[in-house]
Amino acid sequence: MLVLTEAAAEVVKAIASTTQAPEGSGLRITSPPGAADPGTLQVTAAPGPDENDQVIEAAGAHVYLEPQAAVYLEDKVLDAEVDSEGKAHFSLGMQGTDQA
């Protein structure tokens, strides 16, 4: 199952709180239909999960994974940082390594 770093959880909560969305809002990660590379992912703010989404909760942050994305991300760690312009940047690492 995807693991969120503390930094990623904080960024997810910050993004969800700025969308004027209801309680339980978070980010939804999907694999676009027809994407040739399973690692091609889209991240969007979402008010809640879709029916078949896997729900990840970490430190009050909610991430919703579309089934195909969940398979790709099951052994990954999601990290995030905010640059000097206030833009969030996400990165993936493998679980069990020091790279995140």
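Computation of the quantities below employed the complete heavy-atom set of this structure, encompassing side-chain atoms and omitting hydrogens, waters and symmetry-equivalent molecules.
Annotation for E66 and Q68: closest pair OE2-N, 3.0 Å, computed over non-hydrogen atoms. Of all heavy-atom pairs between A80 and A8, the closest is CB-CA, 3.7 Å. A pairwise comparison of heavy atoms in L2 and K76 identifies CD1-O, 3.4 Å as the closest pair.
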Table please: side-chain donor-acceptor pairs of residues 57-64 below 3.5 Å, with sequence neighbours left out.
| from | atom 1 | to | atom 2 | distance (Å) |
| --- | --- | --- | --- | --- |
| Y64 | OH | G24 | O | 2.2 |

Subject >> Test log, rule side-chain contact (heavy atoms from CB on, under 4.5 Å), inputs L65 and Y72 >> reply: CA-CA 10 Å; L65 305 177; Y72 176 75; over 6 Å; no
**OP:** With side-chain contact (heavy atoms from CB on, under 4.5 Å) as the test, would you mind laying out the steps for T40 and S31 before giving the verdict?
**Re:** CA-CA 6 Å; T40 300; S31 284; over 6 Å; no
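L92 and M1 fall within the same hydrophobic cluster, defined by Ile, Leu, Val, Met, Phe, Trp and Tyr side-chain heavy atoms under 4.5 Å apart, directly or through other members.
Taking 4.5 Å as the limit, every side-chain heavy atom of I29 sits out of range of all side-chain heavy atoms of F90.
A donor-acceptor contact under 3.5 angstrom links the side chains of D79 and T5, judged on distance only.
The side chain to side chain contact (heavy atoms under 4.5 Å, CB included) test applied to V82 returns V11, not counting sequence neighbours. Applying the side-chain hydrogen bond (donor to acceptor under 3.5 Å, both in side chains) criterion to D83, with sequence neighbours excluded, gives H89. For Q42, the side chain to side chain contact (heavy atoms under 4.5 Å, CB included) partners at least two apart in sequence or on another chain are T30, P32.
Rounding to the nearest 0.5 Å gives a distance of 7.0 Å between OG of S91 and CG of L78. From L4, atom CG reaches atom CG of L27 across 9.0 Å, with rounding to the nearest 0.5 Å.
Judged as a salt bridge (Lys or Arg N to Asp or Glu O under 4.0 Å), the pairs with a partner in residues 43-53 (not counting sequence neighbours) are, in order, R28-D50, R28-D53. Sorted by first and then second residue, the pairs that involve residues 8-17 and meet salt bridge (Lys or Arg N to Asp or Glu O under 4.0 Å), not counting sequence neighbours, are E10-K13.
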